[in-house]
Amino acid sequence: MNTIPVNEPMLGKRELEYVSECVRTGWVSSAGRFIHEFEREWATYCGRKYGVAVCNGTAALQVAVAALDLQPGDEIILPTFTIVSCVLAVVYNGCVPVLVDAEPATWCMDVDKVKGKISPKTRAIMAVHIYGHPVDMDPLLSLAEQYGLAVIEDAAEAHGCEILSRIKTNSPEWRRCGSFGTLSCFSFYANKLITTGEGGMVLTNDSKLAERIRGLRNLCFLPGRRFRHEELGFNFRMTNMQAALGLAQLERIEEIIARKRWMGREYTRRLQEIQALELQQQEVWARSVYWMYGIVLAQESNMDARLLAEELKKRGVETRPFFIGMHEQPVFHQRGLFVGEQYPVAERIARRGLYLPSGLTLTEDQLEQVCNALREVLS
Ligand SMILES: Cc1ncc(COP(=O)(O)O)c(C=O)c1O
């Protein structure tokens, strides 16, 4: 039996053409035309002034926090239901992560719970859009403004996703994710909507922050004198070949998003009547891009996600478990972080959630097969 994979990248002729150009011309490291073009085009697509490409999404978050020049012990508020990269970026920069539970309908950070976590040491909020659905950014941005906090937006899973926002104008307008943060971060890992294999980017409208991130990604060489350093940076550079791939992908982002939205609609249509399942709610102010199609086993179901994954695997359907909350990670407990903290929504969805095959190559027959397998297991 052929297994239906969770994800497969879709690469075409244009990708081959651009990457071949790098090989043909010898521009294979982090200098070359594609880097600048990809940075400019991605920033423009997301409605930002500056883009700084880096080697992956984790590095993007790490330099974003570093660029804010925070003091040891300063606090950053972020969701517990996310990837380890988010907390790692905070901890590696000597700051203290302060967690917030997920919101039960969209699984994104519960914005109503953020205010209660603000302390005199809070300096920033990191908002993470989950599985293609955005965080409710308007109230979060108002709160950040009220308390003078920076916002780091993690839009790794939300390329092209939009929010109906009122924050800049009186009349609501659709704005893309990646346009909201003081600094907005992306991953272009192979399972993302736009991929560079490995890769990431930080976007901002602030020229000083952009310059600082350019320095940090390239070992903080002093502009006037290479090999002289006043600060420690990182080698987080993206290669021209990676950027070539990204630029080619970006040329057909509309087609990629349309494909993901088709998948989202079709799964929802077929799965919404299954009583044993909770689906990620789509808010009226959001246009999700369905990065991955997640499902959560409802409280009545006596199955957990691990058992469901095994049963689906027997039927040729590959899945991935949901994140495990950051407060449940041994690595942070060992550092004295989050000990005894409880976040019931994140704990529940971590145990009862998984995501289904969601790749761009998924056919309607395969999608139907996934839904039939689910109906069979859950009936
Ligand atoms: C929300 C989120 N942030 C950050 C990352 C890290 O990106 P990368 O794998 O490129 O380091 C990921 C990766 O999947 C992610 O899903």
Side-chain angles (χ1 to χ4, degrees), residues 6-9 38 42 46 51-66 76-93 97 99-100 102-103 106-109 124-135 137 140 151-161 176-178 180-181 183-203 213 217 234-239 242-243 245-246 249 260 280 288-294 319-326 329 346 349-350 353-355 358-359:
V6 157
N7 184 69
E8 271 178 330
F38 185 45
W42 187 248
C46 296
V52 185
V54 290
C55 55
N56 57 59
T58 305
L61 291 164
Q62 217 176 315
V63 279
V65 176
I76 299 184
I77 298 174
L78 75 167
T80 187
F81 189 71
T82 186
I83 192 161
V84 71
S85 312
C86 301
V87 179
L88 174 158
V90 175
V91 171
Y92 278 168
N93 279 290
L99 301 178
V100 171
E103 184 264 313
T106 64
W107 313 330
C108 290
M109 180 184 211
I125 304 171
M126 188 184 284
V128 187
H129 308 303
I130 296 289
Y131 302 152
H133 190 287
V135 178
M137 290 305 288
L140 198 73
V151 173
I152 295 176
E153 185 187 4
D154 182 348
E157 303 180 359
H159 301 180
C161 168
R176 293 208 168 106
C177 288
F180 293 94
L183 293 162
S184 299
C185 299
F186 288 90
S187 162
F188 301 114
Y189 181 64
N191 65 7
K192 300 303 185 298
L193 270 79
I194 292 290
T195 183
T196 58
E198 295 279 354
M201 203 181 294
V202 185
L203 302 183
I213 292 171
R217 104 176 138 179
F234 311 87
N235 176 355
F236 283 167
R237 300 181 299 249
M238 176 186 269
T239 69
Q242 289 170 305
L245 210 57
Q249 293 257 289
K260 285 283 197 185
Q280 188 178 31
S288 174
V289 287
Y290 298 92
W291 170 61
M292 290 290 165
Y293 199 92
T319 59
R320 287 277 184 287
F322 270 17
F323 295 127
I324 299 174
M326 291 301 111
Q329 303 290 346
I349 63 179
L354 53 75
Y355 55 81
S358 306

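The figures that follow rest on heavy atoms only: side chains count, while hydrogens, waters and symmetry mates do not. We count ligands from 1, going down the list as the structure has it; atoms in each ligand are counted the same way.
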Write out the residue and atom name of the closest protein heavy atom to atom 5 (C) of ligand 1, then the distance separating them to 0.1 Å. Ile83 CG2, 3.8 Å

A student checking ligand 1 against Glu157 at a 4.0 Å heavy-atom cut-off should list atoms 1 (C), 15 (C), 16 (O)

Which one holds for Thr58 and ligand 1: side chain close, backbone close, both close, or neither close, with close meaning a heavy atom under 4.0 Å? both

Looking at Ile324, I'd like to know if its CD1 atom is crowded, meaning that more than 12 non-hydrogen atoms belonging to other residues, nucleotides or ligands lie closer than 6.0 Å. no

Does Phe188 have its ring centroid less than 6.0 Å away from the ring centroid of Phe38? yes

So, do Glu153 and Val135 sit near enough that their side-chain heavy atoms are less than 4.5 Å apart? no

Ligand-side contact atoms (ligand 1) for residue partner Asn56, heavy atom cut-off under 4.0 Å: 10 (O), 11 (O)

Does Ser85 come within less than 4.0 angstrom of ligand 1, counting non-hydrogen atoms of the residue? yes

Output yes when the distance from some N or O of ligand 1 to some N or O of Gly57 is under 3.5 Å, and no in every other case. yes

Does some side-chain heavy atom of Phe234 sit less than 4.5 Å from a side-chain heavy atom of Val54? no

For ligand 1, indicate whether the residue Asp154 contacts it via side chain, backbone, both or neither (heavy-atom separation under 4.0 Å). side chain

Are the side chains of Val100 and Ile77 in touch, meaning some heavy atoms are under 4.5 Å apart? yes

Can you check whether Asn191 has an N/O within less than 3.5 Å of an N/O in ligand 1? no

Only heavy atoms of Val128, strictly under 4.0 Å: list the atoms of ligand 1 that pass. 1 (C)

If I take atom CZ from residue Phe323 and atom OG1 from residue Thr82, how far apart are they, to the nearest 0.5 angstrom? 5.0 Å

Quick one: nearest non-hydrogen protein atom to atom 13 (C) of ligand 1, plus distance? Lys192 NZ, 3.3 Å

Heavy atoms, side chains only, cut-off 4.5 Å: are Leu78 and Met326 in contact? no

Write out the residue and atom name of the closest protein heavy atom to atom 9 (O) of ligand 1, then the distance separating them to 0.1 Å. Ser187 OG, 4.1 Å

Does only the side chain of His129 get under 4.0 Å from ligand 1, or the backbone, or both, or neither? Count heavy atoms. neither

Using side-chain contact (heavy atoms from CB on, under 4.5 Å), reason through Arg217 and Cys55 one step at a time and then give a plain yes or no. CA-CA 9 Å; Arg217 104 176 138 179; Cys55 55; over 6 Å; no

